[in-house]
Amino acid sequence: MRRTWVKRVLAVHGALFLLFIYAPIVMVVVYSFNSNPINMMIWSGFTFDWYWTIFGYPTQLNEQTLYVDSTDRLLAAVQNSLIVATSTTTISTVLGTMTALALYRYRFRAQRFYQGLLYMPMVMPDIVLGIALLVFFVSFGMALGLISIIIGHCTFLISYVFVVVSARLAGMDDTLEQASADLGANEWVTFRRITLPQILPGVIGGALLAFIISMDDLVITYFISGVDSTTLPVFIYGMLRRGVKPEINAIATIMLMLSFTIATLGLYFRRRH
Amino acid sequence: MSGEEEARNQQTPIAEVREAVKRFAATEGGVITALDGVSLKVQPREFVTLLGPSGCGKTTLLRVISGLEELDAGEVLIAGEPMTTVPPHRRPVNTVFQNYALFPHLSVGDNVGYGLDVAGVPRRQRNTRVGEVLERIGLGGFEPRRPDQLSGGQRQRVALARAIINRPSLLLLDEPLSALDRNLRQSMQLELKTLQHDLGISFLFVTHDQEEALTMSDRVAVLNKGRIEQVGTPEAHYHRPATRFVAEFIGDGALFSGRIEGPTEDPVLVTGDGLRLAVALGTTVNQVATLLLRPEHLEAAPEAPDAAFGVIEVRLKQSVFLGASRKFVCCLANGATVTAAPTGAGAQALSRVAPGELVRLAYRRDQPHLILGADDGT
Ligand SMILES: Nc1ncnc2c1ncn2[C@@H]1O[C@H](COP(=O)(O)OP(=O)(O)OP(=O)(O)O)[C@@H](O)[C@H]1O
Ligand SMILES: [Mg+2]
């Protein structure tokens with residue numbers, strides 16, 4: 001008796017929890033197909049027009065409304081975001097993996113301290129990191145632009161990659177590298193044929209994480225982006241400040257799909273190894 | 001020393017370890033001396049076993065030879081060449097690791113072929129040799145399998161195949177059989193021995209199983225707390241152990257420590273609690289010594305034993321059936337246990353004794369080995 005009662009409460013609790021997390025996201029996706037240009041909360045028919053709008057195609061809706069923000073600027077922001085995300089992913093994956101390997105392989109003084117320093121950027125408030133980076137770039141007279149954003153992102157994304165790859169390394173059987181050396185492979189061959197394949201899921205996971213965080217970062221980027229180096233999140237933020245427009249929903253839905261794809265890819269690589 | 005053995009000692013050893021010292025920093029502070037001045041030679045085509053309890057430094061000694069561990073003092077020579085500055089990948093030895101260390105992301109064929117691949121052997125030749133080696137160890141056609149699709153015994157064979165494919169002059173084997181069940185283990189012991197003979201290379205084999213060491217080796221080195229206690233043939237270890245530790249570690253038997261006393265024509269060993277055991281004639285009196293009574297030395301005492309025999313009075317505790325024979329576990333007056341495993345008529349005489357009864361056992365006084373010198377307490 002009591003047990004079925006407890007079960008029911010738990011089931012309701014579970015349902016509410018999922019609703020709480022996913023309802024807003026579902027709403028955004030649904031709204032992105034709503035053809036009502038005035039009030040997105042009232043359903044007035046299904047349409048793809050918001051998607052056409054953000055890619056700059058003329059539609060019935062944008063004739064009636066004044067919502068056509070500059071598509072060129074949106075696309076430029078997307079392009080900036082992609083440039084930043086791919087560069088930072090590459091740099092932070094290489095450096096983060098190298099750091100993880102060095103800390104795994106060598107024992108040296110103040111190792112724990114060094115490890116602590118690597119975790120720091122992950123727990124530091126974004127605002128603080130943003131201000132610090134801004135002050136740093138300004139004092140060195142560096143122009144704010146894509147380069148400053150890339151450097152800024154790398155400072156904390158290296159930490160993320162480091163953590164993910166370190167976890168993978170900790171689970172690796174270190175006699176594998178020794179067996180490879182024993183069989184005549186030098187350090188480089190051992191790295192390429194044994195170590196790298198062993199930690200690859202971690203490296204790919206770290207890279208995907210870095211990519212998503214970089215694509216998504218608003219606070220830090222907001223501080224260190226120049227006038228003509230707006231990234232997608234900064235652009236959207238700017239758009240919102242001039243009122244919530246329905247295209248936002250379409251943009252959010254597309255970003256959601258992208259994140260989904262990347263996460264699925266990540267899971268797929270996890271599985272395969 | 002046999003003629004063959006003498007001839008061996010004339011050659012340059014395949015591997016030689018001189019006064020090796022290896023210390024590790026313990027995590028809880030202080031140092032662990034894993035190797036404490038170890039010297040050992042392995043001759044060409046020789047099967048040498050390192051035997052010792054867990055933690056005595058067996059793995060460390062192998063790792064020092066393969067170059068995975070650097071020495072704090074002493075040196076390693078392979079084929080007469082000092083190895084101090086030679087990295088592991090340039091040493092002509094290969095290892096079968098304690099946990100096998102198969103590469104999980106590579107197939108069996110790629111695992112076995114790894115040594116050839118890094119040496120740049122052409123593909124076709126490499127495939128042929130991988131096929132041959134797998135065939136040789138009874139895993140023909142297993143190339144496409146993954147290590148996680150193999151049984152423990154098969155993994156062990158793959159590790160072996162991977163280590164011999166480069167034709168090392170010395171193969172290091174770190175307890176390769178310890179994870180296998182008893183039957184598999186015994187057949188693998190024979191197979192390894194045959195393999196070593198066919199390949200014509202030296203094996204340095206690690207085990208903590210004394211039976212395995214005795215059945216497989218040309219020579220055994222008993223290691224204890226980072227030191228070598230004794231190096232020699234299995235027979236020498238069994239019949240003439242150099243220390244109490246070796247005597248305890250190898251074979252069954254009861255050990256009695258005490259002083260040699262009495263007239264020269266009837267020397268006896270007197271233990272701390274007054275037990276008197278006859279020892280071989282000619283033993284120097286007034287010195288400390290340890291007597292090793294093996295089960296096969298003991299039999300039921302004749303009615304009137306002559307001076308060639310030592311006699312002890314014991315109470316039979318139990319008689320244990322061993323298949324082909326029987327052993328009799330007995331208890332001495334001071335509580336110590338001795339086991340007798342007589343053959344033939346001696347066994348029949350003891351079979352008639354009921355557990356709990358008193359019985360007299362005898363041994364030829366010149367048979368049991370006497371370890372002279374102070375009891376080292378280990
Ligand atoms: N990397 C290390 N760091 C610290 N101590 C170590 C290290 N490797 C070995 N030791 C210590 O050195 C001693 C010898 O270890 P070793 O692995 O050689 O023993 P073993 O004879 O192979 O034992 P087993 O039969 O259990 O494999 C042990 O006390 C062990 O704790
Ligand atoms: Mg070991």
Side-chain angles (χ1 to χ4, degrees), chain A residues 97 100-115 164-207 265-273, chain B residues 24-25 27 59-60 62-69 86-107 110-121 126 130 146-148 155 158-168 170-175:
Chain A
T97 304
L101 279 170
L103 276 154
Y104 167 77
R105 181 128 335 137
Y106 303 108
R107 299 277 160 264
F108 47 87
R109 278 180 52 200
Q111 188 160 21
R112 281 296 162 90
F113 176 70
Y114 196 67
Q115 228 155 10
V164 177
V165 175
S166 287
R168 181 80 195 178
L169 272 171
M172 188 175 81
D173 174 2
D174 56 2
T175 54
L176 296 182
E177 289 181 334
Q178 296 167 3
S180 169
D182 186 73
L183 290 165
N186 61 27
E187 285 87 348
W188 171 243
V189 174
T190 297
F191 176 74
R192 204 163 40 86
R193 303 182 74 143
I194 306 299
T195 320
L196 190 58
Q198 283 296 307
I199 61 171
L200 199 59
V203 175
I204 292 175
L265 268 177
L267 279 179
Y268 171 75
F269 277 107
R270 266 266 180 83
R271 273 291 156 72
R272 257 197 29 184
H273 289 274
Chain B
F24 291 108
T27 28
T59 300
T60 308
L62 290 195
R63 289 169 62 86
V64 156
I65 295 173
S66 63
L68 296 173
E69 216 77 73
V86 181
H89 65 268
R90 296 231 195 80
R91 299 195 183 187
V93 297
N94 286 121
T95 307
V96 178
F97 286 80
Q98 196 161 6
N99 66 350
Y100 308 150
L102 297 180
F103 306 129
H105 60 288
L106 298 182
S107 67
D110 289 344
N111 263 283
V112 175
Y114 191 82
L116 299 179
D117 290 341
V118 299
V121 175
R126 175 250 197 216
V130 168
R146 296 224 157 228
D148 58 9
R155 266 179 229 172
V158 173
L160 188 63
R162 187 178 73 174
I164 60 174
I165 200 160
N166 272 354
R167 298 171 187 157
L170 172 65
L171 186 68
L172 308 172
L173 302 103
D174 195 352
E175 304 201 24

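Letters A, B, ... mirror the listed sequences (proteins, then strands); counts begin at 1.
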*With a 4.5 Å limit on heavy-atom distance, are the side chains of A:Y104 and A:I199 in contact?*
no
_Heavy-atom pairs under 4.5 Å with chain A, option from B:P104, B:P87, B:A159, B:P92 with the top count_ = B:P104
*Distance, nearest 0.5 Å, that separates CG of A:L169 from CG of A:L103*: 10.0 Å
*CZ/B:F24: more than 12 non-hydrogen atoms of other groups inside 6.0 Å*: yes
Donor-acceptor table for chain A and chain B, threshold 3.5 Å:
| unit_1 | atom_1 | unit_2 | atom_2 | d |
| --- | --- | --- | --- | --- |
| A:D173 | OD2 | B:N99 | ND2 | 3.3 |
| A:T175 | OG1 | B:N99 | ND2 | 3.3 |
| A:Q178 | OE1 | B:R63 | NH1 | 2.8 |
| A:S180 | OG | B:Y114 | OH | 2.7 |
| A:D182 | O | B:N94 | ND2 | 2.8 |
| A:D182 | OD1 | B:T95 | OG1 | 2.9 |
| A:D182 | OD2 | B:T95 | N | 2.6 |
| A:D182 | OD2 | B:T95 | OG1 | 3.4 |
| A:L183 | O | B:N166 | ND2 | 3.4 |
| A:R193 | O | B:H105 | NE2 | 2.8 |
| A:Q198 | NE2 | B:H105 | ND1 | 2.8 |

*Can you name the residues that form a side-chain contact (heavy atoms from CB on, under 4.5 Å) with A:V164, not counting sequence neighbours?*
A:L209
*Report the C-alpha distance between B:F97 and B:L102 in whole Å, list the side-chain angles of each, state the deciding distance to 0.1 Å, and finish with yes or no for side chain to side chain contact (heavy atoms under 4.5 Å, CB included).*
CA-CA 9 Å; B:F97 286 80; B:L102 297 180; over 6 Å; no
*asked:* Once rounded to the nearest 0.5 Å, what's the spacing between atom CG of B:L62 and atom CG of B:L68?
replied: 10.0 Å
